Every structure is written in structure tokens, then in C-alpha cells.
Protein chains: 2
Amino acid sequence: MPGPTLRDVAKRANVSIRTVSNVVNGYAPVSDELRTRVQAVLDELDYRPNLIARNLKQGRTGMIALVVPELDVPYFAELAREVITAARAHGYVVMIDQTDGAVERERELLGRDSRATLFDGLLLSPLAVTAEELRGRANRIPIVLLGEHIFNGSFHHVAIDNVAAAREATAHLLGLGRRRVAAIGDQPYATGETAQLRTIGYRQAHAHAGLPVDEELIVATPHFHRRLGAQAMERLLALPEPPDAVFCYNDLLALGAMRALTRAGRRVPGDVAVVGLDDIEEGQYSTPSLTTVAPDKGEIARAAVETLMESINGRAANPAEIVVPHRLIVRESTTGG
Amino acid sequence: MPGPTLRDVAKRANVSIRTVSNVVNGYAPVSDELRTRVQAVLDELDYRPNLIARNLKQGRTGMIALVVPELDVPYFAELAREVITAARAHGYVVMIDQTDGAVERERELLGRDSRATLFDGLLLSPLAVTAEELRGRANRIPIVLLGEHIFNGSFHHVAIDNVAAAREATAHLLGLGRRRVAAIGDQPYATGETAQLRTIGYRQAHAHAGLPVDEELIVATPHFHRRLGAQAMERLLALPEPPDAVFCYNDLLALGAMRALTRAGRRVPGDVAVVGLDDIEEGQYSTPSLTTVAPDKGEIARAAVETLMESINGRAANPAEIVVPHRLIVRESTTGG
DNA sequence: CATGATGTCTGCATCGTTGCAGAGCTGCCA
DNA sequence: TGGCAGCTCTGCAACGATGCAGACATCATG
């Protein structure tokens, strides 16, 4: 089953292994006559270079790893798509793994038995692992973090300005005249840094508008899934004074919330306006379509891969905090008829 | 930057390289005293085995590749998730690539410069490449095909019974008393084999019910995306006698169709009932929720990985046609209030 | 005490490729 | 004709790990 090696080709063509290698790679000068002869044998045997061997010799694999919590969460799927595309532009392929948000799975990555040595670099979208741990058990390969804010500047990190994004989303709702704007998705504990940034933005928008925040309207959720969005919305609807708008910390929560609203007979945006964050494709096709804050996913992927490549190639700058643009996309869930 | 090697550890611990290797792998008997001493040095230097070197020696990489058309299509994202999980159970990791449905990208995979030699096996969900081509340019690594029906038995192939799935979906609509049941998603050309199977099932259901098929109600779409589902639905609504139900060949088409229906002021299922296929999570949360045929994605992934592992381990049976179960999940889009 | 079995440990070869240094040939010029 | 450059081509060593055969010491056995 193993294919022919350079040696096999060399023997058959009566040349040295090195010459065959030169023909394959087009490196060194080879006379036309010889090149043709060797090429013929290469074709005849259908030679394929053994990339593992090449990698061993060259000390790199041409592969990076992308680790996300859940690949079937649309945001990560869309991001993964962009990462694969961006990596390809650098001649790299992408191994994808998921942690299911489990700390131990994230730790495994850094541990003794991780497969990390197979990759030239690692893009990590951490949920649970802390900066301390990352630093302590830091692997030997370059790492770029995605999304979660790690507060100290130990690693390259690519993300949108979460505070601004949340502020703009909330301001949009307030600007529509809504006065009881809820927030779904806070995570007031150590690993919920991104959520907390969004809560800050939510509060800032209120402050700028000179409006108080009703703490009752901030609902925490341990995850960012549809089901929890629906549950949170139900709880909000049960309040004596339910909200007339809600900013959800991601689109899935928002879609779940809209589902709960529809089921409860409320109209969106008539009774309650809804804004999400992530701009997953699904939001364009929901009924009503979803107003959302769109991070530039292509840019996130490009910046992350670019930064990783620089680290891999040793042109590593100091750990950089890279902020990627976002924009509010207004659709029916806030302004629909 | 490169980490310590076995040699480094060996030198420092004053033992042979081979002994260090034995300690690392727990292979051969090593005295407790020596094991402790070596382990101490391993820890001290934070040794990590170079997996590329190990792979070269052992002739396998512990990686498989999964190639899908588009990772951000929910069905493929969900499938990818299951594949990653299934592969992990075998100690394997998964490299994911996407072809965007481009023939040339699928061909690249099989070509001279593909990275295929890095992987022990390949799971391919082909769109455009034909069985002929696959066989002709067949790579040296084991391949298992997903989804698309390749008519001759040259490769292992895992899929649901597409004819039966489509038949059941259509029968469900007919059973509800609908009499003008449309079909969205036919692909009457060489690379649309799966779609054609679904059309066969659609016809069978009509035949079983003793009803004629109105050819006008079968709408072809080059892709299975939301936008095309919406467009197709609009075309159907423009007919003199529009349909009262529609079977979409996947959930995205169905969601797009529902979107078009809502926009046109038709009620689902009141005016038009909708059935999809794939059971993507989004369908549970759409308004109305989507009736669909659910392939057992976990089982698809497990069967595919299992089969691939058998090929890799040389216990390869003849190319097998593996049929995975599916079931109709009835939700609001056909029976809702 | 010789023998062989057992338990540890080691060195060499090897996986398939590429980096490096240099061998051999040709042609040109002084 | 000798010397030198330039072009091809080659062989050896190496990447870092593991498979294998065997060295050596210890111990039990007849």
C-alpha cells in the first residue's frame, strides 16, 4: 500500500535520489534531458512525496489547529470557514477540534499528550481556560486567541470591541424609543469575560442616554444557545413590567428569544424589539429577520491567521491586541412592520 | 524554540535514547529507580514527543481528513461535529477542508500535490467529482464517501435511503390531505444524484397514493441554500394554481421557502405546509418549527469513521454501501395551529 | 560450577525526505 | 596546456523517533 519513494524512482531512472528530489521540487538545475527522463518515471510510478518525511526534515507541517467550543454553533462554523480560507492563502490547512467548553478538554490541548507538536500554530477560542493556565502550561507552538478577552497581554488576541458593539446595539434600541431594554447573556463570573464586556456596553448606552438600568432586566445564561435564550425571554415576560426590547449577547440567544416571544403571542418588533450579535446567516432568514451586530468574521480570520503566520515565521511582534471592525445591521426584528 | 528531544533528555539523565523512549512509552521494562530518574528529567525539560518523527517511523499520522462542500452549511457543521467526536473515540483528529462545491477543488484532493499523504484516511462528501474520476485518480489512502450516491460500488459509502426519506416526507404531506405538493431541489444532471433520488421518492409517494405528479411543481435548484429555496417558492406562488404543500430537499431550502411564504403573506402550514430534510437545529427554532426528515448524523459519522478505521487497519472489507436510519420529525410547519 | 533463563538496558538501522559539500565534466581564456 | 568558472549531478548526514537484536548482569537450576 505505501507508495513509491524517491528511492524507488531513483533506482528505476538510474539517477541519484537527490536528483529525483530536485526534479520534484524544481530546486536545483537539472538538464532538460534528465528532467524529462525522471519526470517520466515519476509519472509512471505516480510518485507522491511523503509529506511527513518532508515535514520532519523541514521542521514544519503546514498545518495549524483551530480549536473552538462547538463547531455546530453557527458562529464558529462560519468563523471556521473563514479560517480555512485564510489559511489556504498561506498554503496551510486547518485541523479543527472542539472542546465543548470543557475546561479539561481545553487543558488537554496544552498538556503533555496533546497533539500540538503536529501543528505549526494554534488558534484557540477559549471558554474556560484562564490566562494564567495558558501561560503556565504554554506550549511550544505559537498561539493566537480568538474572541474571549484575556485581560493581560500575554498572547496575541483578535476580537471585536465588545463594549462598543454592545453599546451600539443597546443604543439602537433606546434610539427607537424603547425604555425597558433587557439584556440576555450576562455571565458574571471568571470565565465570562466577553459577556461582562457586553454588559458594560449595555450599561454605557443607558448612561449615555441618561437612563437608569433596571437590574432585573439583565438575565444571565451559562451558555449562548437558543434554548437558553427562549428560557430567559420567558422569565422576562413573566415580570410585572416586561421589557419592550431585548439585546441578546449572541444571535442564537436572540433567535431563541424570538421563538419564545412568538409562542407567547407577542409580536416582534411590535411588542418587543430584538437585537442579536454575531450576524449568523440564519438571522437573515428568520421571521422576522434579525437585527444584529456583525463582527467582520473574514477579517477576524485573516488577522488571526496572519498574526499566527508571523509568529510561526519568527517575525513575532510583541503580543498584540487586534481589534476587528463590527457594524450594526438593522433588520425587521427592530424596525419591521 | 524547538523543544528538547529524546537525545537531550538522554544526555542529561545519562542513559540511552532508547531507554528514555521506553520510559515515555511505557513499553519495555525499566527499573523503578531508573524510570524515576528519567521521568524527573522529562518533567524538568518538559519533554514533548515529536509526533511528526513518530509518525514517520510508524507510517501513520493519527489524522483523517474530512472534506465537505461548505462548513458553514449547518448540516455539514453538525456532521463535522459528529465526525470529530467519532474520530476522537478512535484516537484520531480531523483535518477539515471545504471545496465550495468546485470540481477543481475536489480534484486537487486527488492530485499530485494534495496533502493527502499526511492523513491516514479521507472522508469525502463530494458534490461534483464523479466516480470515474475518483477511481482513476484514486489516492493511496482509504476513502469513505458521504452522502452523495456514487452508483457503482467502487468505494465505501455511507448515506441514508434517500428515496425512502423523500417518499416518507411526501407521503406525510399527502396524508394530511394536501393535493398539490411541490418539490424544491431537483438537480436533473450528472452531479445531482442525491437530488434525483429524492425526486424518485417524491414520485413514488404520489404513485402509492394513486395521484398524478404535476411536473410544474418540481423546481430545480443548483444549490441547497436558503436564498434558492425562497426564490423557488416565489416562482411556485406565481403559478396559476400554487401548491398547498412543499417538500424541500433540505432544511435550508425549506427555511428559505418558509421565509418567502411569510413575506408573501401566506400562512404555514395553513396555506402551505412545508417539510425539509436534514434536521438541522435551526429548524427546531424557526417560526413555525420545521417538520423534517432527520438522518441519524451521529450514526453516519460513526459508521463512516468506523469503516475508514477498518480500511486503515487493513481489515478492509469490500466496498460497502452503508445505509443509516432516518426518521420523520413532525413539527409545526405541517401540523401547527 | 556450568548453563540457561530472566530482566534491564543499549546501539544500530531505519522511516523518506532535504541541506550541504563536493565530484566530475565542459568550455573558456590566458 | 593549465587553470578556473560554471553547470550538473551525487553521496552523506541529518530531522527525531521506534524496531530489533543483542549485551550485560543477575539469579535459579541441575
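Because the structure is a prediction, the values reported are computed rather than measured. As a basis for the values below, the full set of heavy atoms in this structure was taken, side chains included, without hydrogen atoms, waters or symmetry mates. Reminder, nothing fancy here: chain letters follow the sequence lines and each chain counts from 1.
Between A:Arg7 and C:dC15 there is a side-chain N or O to OP1 or OP2 distance below 4.0 Å. Taking side-chain N and O atoms only, B:Asn25 has a distance below 4.0 Å to OP1 or OP2 of D:dT18. Taking only side-chain nitrogens and oxygens, B:Tyr47 comes nearer than 4.0 Å to OP1 or OP2 of D:dA17.
Atom P of nucleotide D:dC15 and atom CG of A:Leu56 are separated by 9 Å, given to the nearest angstrom. Across the protein-nucleic acid pair, A:Leu45 atom CG and C:dG16 atom C1' stand 15 Å apart, rounded to whole Å. To the nearest angstrom, P of D:dC9 lies 9 Å from CZ of A:Arg37. A straight line from CZ of B:Arg60 to P of C:dG16 spans 15 Å, rounded to a whole angstrom. As rounded to whole Å, 16 Å separates atom C1' of C:dT14 from atom CG of A:Leu6. Here C:dT17 presents its C1' atom at 8 Å from CZ of A:Arg54, a figure rounded to the nearest Å. The separation between A:Asn55 atom CG and D:dC15 atom C1' is 11 Å, rounded to whole Å. Across the protein-nucleic acid pair, B:Asn50 atom CG and D:dG16 atom C1' stand 6 Å apart, rounded to whole Å.
In this structure, A:Lys297 does not pair ionically with A:Asp278, as no charged nitrogen and carboxylate oxygen lie closer than 4.0 Å. A salt bridge is defined here as a Lys NZ or Arg NE, NH1 or NH2 lying under 4.0 Å from an Asp or Glu carboxylate O, and B:Arg302 with B:Glu299 meets this definition.
Counting non-hydrogen atoms of neighbouring residues, nucleotides and ligands closer than 6.0 angstrom, the CZ atom of B:Arg12 reaches no more than 12 such neighbours.
A:Asp8 and A:Tyr47 share no donor-acceptor pair across their side chains, judged by distance under 3.5 Å alone.
One N or O on the side chain of A:Thr307 and one on the backbone of A:Ala303 form a donor-acceptor pair closer than 3.5 Å. A donor-acceptor distance shorter than 3.5 angstrom exists from the side chain of A:Asn50 to the backbone of A:Ile52, with no hydrogens or angles considered. Here the side chain of A:Gln98 pairs a donor or acceptor atom with the backbone of B:Arg81 at under 3.5 angstrom.
For the atom pair CD1 (A:Ile141) and OG (A:Ser311), the distance works out to 11.0 Å, reported to the nearest 0.5 Å.
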**Message:** So if I define the base as every atom that isn't primed, P, OP1 or OP2, how would nucleotides 5-11 of chain C read as a B/S/- string at a heavy-atom cutoff under 4.0 Å?
**Reply:** ---BSBB
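Comparing the start and finish of the helix from C:dC1-D:dG30 to C:dA30-D:dT1, five pairs each, the helix axis swings through 70°, to the nearest 10 degrees.
The residue among A:Gln58 and B:Ala53 whose nearest nucleotide of DNA chain C lies closer to the 5′ end is B:Ala53.
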**Message:** For B:Arg115 and B:Asp97: C-alpha separation, side-chain torsions, deciding distance, then whether salt bridge (charged side-chain N to carboxylate O under 4.0 Å, His left out) applies.
**Reply:** CA-CA 11 Å; B:Arg115 244 169 259 227; B:Asp97 207 357; over 6 Å; no
